[in-house]
Amino acid sequence: MSDFIRGSLPKMLAGEMAKLHNDLDSPLHLAELDIPEMRKLHFLLGDWECETLVYPPGADPAPGRIYGTIKPILRGAWLEWNFTQEPNTVVEKHQTGRYTFGWNPAVGKFTAIYYDDRGNCLVEETSGADYEDGVLRFAGTTILPEEGEVFFTDAISSKFDGHFRNEVHMTINGERRLHGLIEAKRK
């Protein structure tokens with residue numbers, strides 16, 4: 001093998017791998033896996049602008065804004081929401097994060113994984129594949145630095161095309177309270 005080929009081959013393969021990765025994540029490959037359960041989440045796809053209200057304990061609700069894009073990844077097996085939250089009275093600096101949603105056929109449930117640049121992480125599941133009263137509810141437990149163990153529920157719904165809502169509740173020490181509302185409109 002010539003020195004030229006030896007030196008060029010890794011670069012060519014890296015370029016082809018990057019192209020393959022990008023091609024597999026394109027919307028054209030959604031049908032490749034065509035997971036029927038994931039079709040139930042396709043209303044979430046797109047670029048979103050969100051009005052938020054966060055309900056800190058003992059204080060007035062704090063309005064805010066989130067911007068982000070939800071796109072298919074891993075050939076449509078998962079959806080990934082990359083978002084940025086503007087600062088408000090609760091979130092003091094711009095926050096960025098990701099929220100991924102996928103179908104787990106082994107247990108017959110959707111799984112959601114949340115993580116952000118503050119170090120927060122949460123894994124949630126649904127109780128099954130179906131919406132209850134038009135709402136898909138995710139639930140899971142995490143540890144937060146100031147609160148300790150926290151049980152979260154995210155209730156995601158959509159009343160019409162180009163919209164979704166997420167109502168987030170927290171349960172800390174047995175006390176359940178509204179944590180936040182997200183009203184999303186597709187750009």
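Numbers here are sequence positions counted from 1. Since the structure is predicted, the reported quantities are computational estimates derived from the model, not experimental observations.
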Checklist entry - Any donor and acceptor pair, going by atom type alone, linking the side chain of Thr142 with main-chain N or O of Cys121 inside 3.5 Å? => result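 Here the side-chain-to-backbone pair exists.
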Item to check | For Gln95, all residues meeting side-chain hydrogen bond (donor to acceptor under 3.5 Å, both in side chains), sequence neighbours excluded | outcome: Tyr114, Asp116, Arg118
Next on the checklist: List the residues meeting side-chain hydrogen bond (donor to acceptor under 3.5 Å, both in side chains) with Lys185, not counting sequence neighbours, and say none if there are none.
Outcome noted: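 Not a single residue meets the side-chain hydrogen bond (donor to acceptor under 3.5 Å, both in side chains) criterion with Lys185.
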Checklist entry - With sequence neighbours excluded, what pairs up with Phe164 under the ring pair (Phe, Tyr, Trp, His ring centres under 6.0 Å) test? => result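 Partners of Phe164 under the ring pair (Phe, Tyr, Trp, His ring centres under 6.0 Å) test: Trp48, Trp81.
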Item to check | Residues forming a ring pair (Phe, Tyr, Trp, His ring centres under 6.0 Å) with Phe43, sequence neighbours excluded | outcome: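 In terms of ring pair (Phe, Tyr, Trp, His ring centres under 6.0 Å), with neighbours along the sequence ignored, Phe43 is linked to no residue.
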Checklist entry - Is it true that Lys93 and Asp117 make a salt bridge, defined as a side-chain N closer than 4.0 Å to a carboxylate O? => result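 Not counted as a salt bridge, because no side-chain N and carboxylate O are separated by less than 4.0 Å.
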Name all pairs fulfilling the salt bridge (charged side-chain N to carboxylate O under 4.0 Å, His left out) condition that reach into [range], sequence neighbours left out, sorted by first residue then second.
| range | value |
| --- | --- |
| residues 166-179 | Arg165-Glu167 |
| residues 145-159 | none |
| residues 56-69 | Glu49-Arg65, Glu51-Arg65 |

Report the residues that fulfil side chain to side chain contact (heavy atoms under 4.5 Å, CB included) with [X], sequence neighbours left out, ordered by chain and then residue number.
| X | result |
| --- | --- |
| Asp47 | Thr69, Lys187 |
| Pro63 | Leu53 |
| Pro56 | Val54, Ala59, Val90 |
| Tyr115 | Glu80, Arg98, Ile113 |

Checklist entry - What residues form a salt bridge (charged side-chain N to carboxylate O under 4.0 Å, His left out) with Lys109, not counting sequence neighbours? => result Glu125
